[in-house]
2 protein chains.
Amino acid sequence: MGKFSSPTLIDIARVCDVNISTVSRALSDDSRVHPETKKRISQTAKRLGYRPNLAARMLRAKKSQFFWFIAPDLGNPVDSDLVEEAALAAADKDYDLLISLHLGKQKIFDRIITAMHSALASGVIVNRRDIEDLSALHGLVHQDFPVVLVDVPIDSMNLPTVTTDHAKAADALVQACIDAGAKSFLVLFNPSLNLVDKRRHDATLVALNARGIPFSTGARFSSGAPLADLPSPLCLIESHQTSIQDFLWNNPAVAEGRDILIGCFDQWIGSPAPAQRVLVAEQDCQGIARRTVDKLVSLIETGVSVNGASEIDLPLLRITSKI
Amino acid sequence: MGKFSSPTLIDIARVCDVNISTVSRALSDDSRVHPETKKRISQTAKRLGYRPNLAARMLRAKKSQFFWFIAPDLGNPVDSDLVEEAALAAADKDYDLLISLHLGKQKIFDRIITAMHSALASGVIVNRRDIEDLSALHGLVHQDFPVVLVDVPIDSMNLPTVTTDHAKAADALVQACIDAGAKSFLVLFNPSLNLVDKRRHDATLVALNARGIPFSTGARFSSGAPLADLPSPLCLIESHQTSIQDFLWNNPAVAEGRDILIGCFDQWIGSPAPAQRVLVAEQDCQGIARRTVDKLVSLIETGVSVNGASEIDLPLLRITSKI
DNA sequence: CTGTTAGCGCATTCAA
DNA sequence: TTGAATGCGCTAACAG
């Protein structure tokens, strides 16, 4: 390291010929310090380039100005939007947001969770997508560390969670596709992928059954069942654009000689082809982020309790159509 | 807060009936501790759910396992790629990456920089895009805090910077467009926007003059100069897809009755229309991130010195074509 | 209004 | 191989 280092309260105290605690008080704008002294101190602080040692402050206070957001990655626009919106929402509450990426790797996830500590961050927001083993979280929860899950819920643990009401959203998407002319459906959600896809899958089947619309599923299709008896236009419904395009790429016969519609979540980039039309169910990232931060703040202020665990399900932002 | 809190070394020491410093040594796998004792201690630590208090550790060590990456936002794929790749590169060096977003706001930027401290992070990577006033960085630099700039350089400060060789990249993009058939150019880079665009702009003009290709510029166009004398195909060249699409939207006459080519950086989503073809110059985010982390590590290990300031310019990853 | 002091949790030096 | 003691920088309780 270089020969310079950050000045401390003591350095300022020496220069101003006052006690260290007077400096501490002056810099936190304590009303008990004489205005003159305060001015002198804050000026020297600026002149010396004083910056508080947050490690020391955190050690003492056992809390910090930080929320910690653990995200999978930033490739998906929903994931990066959630992070950005959480940063804004946190700023509104005078917190700074630290972001770490687990990149879907269990090892990194565990490492970050272990580093987590009430001294370092006042609370943590976890988007656990793709992470299977969440036992590391148990330690945090057991020590009453404020944790809020976002986007992807956990079945096995009773943690506060903010997510989209996937069941209602899937129902709305089905209805929108029907309104757009769909006469039959191919349900491509993979219920064994994660809880989000499972909920979407199940709700879609319920919606179709309730409306008496003919459909098949990805599972049935891959076990050889033909789609010939499904009337056109056929609507393919799935979570992500890429999965649908992969499917159509691998099974070009599905689209041959019939009209195709697509229903998916979050985003559709580029042309709908070979479909005539794509309906996109957009989640309310800003709303989710805000509710998440609100929940975290309330956990911190009211004292944490496992009993407070609950799931907050927000409605879709909107459904858009692309032709 | 709840009634549970994180156990400390003292708690473990009490349970194991040894001194706290023995526990400390045991958990850092110090060879001087008796294997039996060590085993007993590490088991109790796990049983109690011990996690080291990083604030205390940082306070004492004046350094940490963290690098801090300050990014503008995550909307641009280059920005989020840089962050992801930096996280991976840091992990390779046994560092964790903390990410903060300044969202282009001076206030947030200054706040984060002020929070920065050798006790909290061992070094910082800054993508300053859209931030004008970088005086907050001076304090860090003056205290020999390791800082590396990424992507967007600063003219006025002599800081280590890792970026693309924008001049060479612009030259290569021009050549690729010519190879694709361009007979004239409309140079839309805005040299007053930031240093990146200025470099691309200047290098493009140099490349065109050197090759004797007719061209006009965005500045000339907006001051009323007509493009009629530019032979087809005309190539529009700019940094971002959105800027080009905005331009074409506002000036539809430019594309009327002639073939259009487009040259841009980073990414083109969707159809090239009304252009016949788009050439995309892709930056080497992984390379940039790795070099940045390498630079940071060497700054930390060798001791920081302003004299070490230098700019590392990486070549493009590739130029792709979209028809 | 200001000074004195203790202690947050940890790693390390010095003693044994 | 283990124990005792120190100090990192800060804030707050207590004392003037």
Side-chain angles (χ1 to χ4, degrees), chain A residues 1 5-42 44-45 48-65 114-122 143 145, chain B residues 1 5-42 44-45 48-65 114-122 143 145:
Chain A
M1 295 292 291
S5 70
S6 201
T8 72
L9 291 186
I10 292 194
D11 298 316
I12 301 176
R14 269 201 277 267
V15 172
C16 295
D17 197 32
V18 290
N19 189 276
I20 171 178
S21 58
T22 303
V23 178
S24 173
R25 282 191 281 254
L27 294 182
S28 57
D29 206 26
D30 190 308
S31 64
R32 292 171 300 178
V33 180
H34 193 286
E36 285 296 322
T37 325
K38 202 184 277 182
K39 197 172 179 184
R40 198 156 44 97
I41 289 175
S42 60
T44 7
L48 297 183
Y50 170 79
R51 291 188 335 279
N53 184 326
L54 292 189
R57 196 177 271 178
M58 291 164 166
L59 173 59
R60 187 167 205 294
K62 289 180 199 294
K63 61 180 182 173
S64 79
Q65 62 183 309
T114 307
M116 193 87 30
H117 201 285
S118 55
L120 249 198
S122 290
Q143 285 160 19
F145 190 85
Chain B
M1 293 293 292
S5 69
S6 199
T8 71
L9 292 184
I10 293 195
D11 297 316
I12 301 175
R14 270 200 277 266
V15 172
C16 293
D17 198 30
V18 291
N19 188 277
I20 171 179
S21 53
T22 303
V23 178
S24 172
R25 283 191 279 255
L27 293 182
S28 55
D29 205 27
D30 190 309
S31 64
R32 290 171 302 179
V33 179
H34 194 286
E36 284 297 322
T37 326
K38 202 184 279 184
K39 195 170 179 182
R40 197 156 43 97
I41 289 174
S42 61
T44 341
L48 296 184
Y50 170 79
R51 280 170 303 113
N53 183 329
L54 293 189
R57 197 177 271 181
M58 290 165 170
L59 173 59
R60 193 174 196 291
K62 291 183 199 295
K63 59 179 183 173
S64 81
Q65 63 183 310
T114 308
M116 192 86 32
H117 200 285
S118 54
L120 247 198
S122 289
Q143 285 160 17
F145 190 85

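This is a predicted model, so every value here is computed, not measured. No hydrogens, no waters, no symmetry mates; every other heavy atom, side chains included, goes into these values. Letters A, B, ... mirror the listed sequences (proteins, then strands); counts begin at 1.
With sequence neighbours excluded, no residue forms a side-chain hydrogen bond (donor to acceptor under 3.5 Å, both in side chains) with Arg40(B). For Arg60(B), the side-chain hydrogen bond (donor to acceptor under 3.5 Å, both in side chains) test picks out no residue, with sequence neighbours left out. Applying the side-chain hydrogen bond (donor to acceptor under 3.5 Å, both in side chains) test to Lys38(B) and every residue at least two apart in sequence or in another chain returns Asp29(B).
Atom CG in Asn19(B) sits about 17 Å away from atom P in dC14(C), given to the nearest Å.
Side chain of Ser122(A) to main chain of Lys63(A): no donor-acceptor pair is present (N/O by atom type, distance under 3.5 Å, no hydrogens or angles). Here the side chain of Arg51(B) pairs a donor or acceptor atom with the backbone of Met116(A) at under 3.5 angstrom. In this structure a side-chain-to-backbone donor-acceptor pair under 3.5 Å is missing from Gln65(A) to Ala115(B).
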Exercise answer: donor-acceptor pairs, residues 12-27 of chain B side-chain atoms, under 3.5 Å, sequence neighbours excluded:
unit_1: Asn19(B); atom_1: OD1; unit_2: Ser21(B); atom_2: N; d: 2.8
unit_1: Asn19(B); atom_1: OD1; unit_2: Ser21(B); atom_2: OG; d: 2.8

Please tabulate, for side-chain N and O atoms in residues 52-59 of chain A, each donor-acceptor pair with protein atoms closer than 3.5 Å (sequence neighbours left out).
unit_1: Asn53(A); atom_1: OD1; unit_2: Ala55(A); atom_2: N; d: 2.9
unit_1: Asn53(A); atom_1: OD1; unit_2: Ala56(A); atom_2: N; d: 3.1

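Closest non-hydrogen pair, Ser64(A) versus Ala119(A), comes out as CB-O, 4.0 Å. Nearest approach of Gln143(A) to Ser6(B), heavy atoms of both residues: OE1-OG, 3.3 Å.
Note that NE2 of His117(B) is 8.0 Å distant from NZ of Lys62(B), once rounded to the nearest 0.5 Å.
Read 5' to 3', the first and last nucleotides of DNA chain D with an atom closer than 4.0 Å to a heavy atom of chain B are dT1(D) to dG9(D).
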N/O contacts under 3.5 Å, protein versus nucleotides 7-11 of chain C?
unit_1: dG7(C); atom_1: N2; unit_2: Arg60(A); atom_2: NE; d: 2.7
unit_1: dC8(C); atom_1: O3'; unit_2: Lys62(A); atom_2: NZ; d: 2.9
unit_1: dG9(C); atom_1: OP1; unit_2: Lys62(A); atom_2: NZ; d: 2.7
unit_1: dG9(C); atom_1: N2; unit_2: Ala56(B); atom_2: O; d: 3.4
unit_1: dC10(C); atom_1: OP1; unit_2: Tyr50(B); atom_2: OH; d: 2.5
unit_1: dC10(C); atom_1: OP1; unit_2: Asn53(B); atom_2: N; d: 3.3
unit_1: dC10(C); atom_1: OP2; unit_2: Leu9(B); atom_2: N; d: 2.7
unit_1: dA11(C); atom_1: OP1; unit_2: Arg57(B); atom_2: NE; d: 2.7
unit_1: dA11(C); atom_1: OP1; unit_2: Arg57(B); atom_2: NH2; d: 3.3
unit_1: dA11(C); atom_1: OP2; unit_2: Ser24(B); atom_2: OG; d: 3.2
unit_1: dA11(C); atom_1: N3; unit_2: Arg60(B); atom_2: NE; d: 2.7
unit_1: dA11(C); atom_1: N3; unit_2: Arg60(B); atom_2: NH2; d: 3.0

Stepwise side chain to side chain contact (heavy atoms under 4.5 Å, CB included) test for Leu9(B) and Ile41(B):
CA-CA 10 Å; Leu9(B) 292 184; Ile41(B) 289 174; over 6 Å; no
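For DNA chain C, none of the residues of residues 11-18 of chain B falls under the heavy-atom distance limit of 4.0 Å. DNA chain C is contacted by no residue of residues 28-42 of chain B, taking any non-hydrogen atom closer than 4.0 Å.
Thr44(B) has its side chain out of reach of Tyr50(B): every pair of non-hydrogen atoms, C-beta onward, lies at least 4.5 Å apart.
Between the two ends of the helix from dC1(C)-dG16(D) to dA16(C)-dT1(D), each summarised by a five-pair axis, the helix axis turns through 40° (rounded to 10 degrees).
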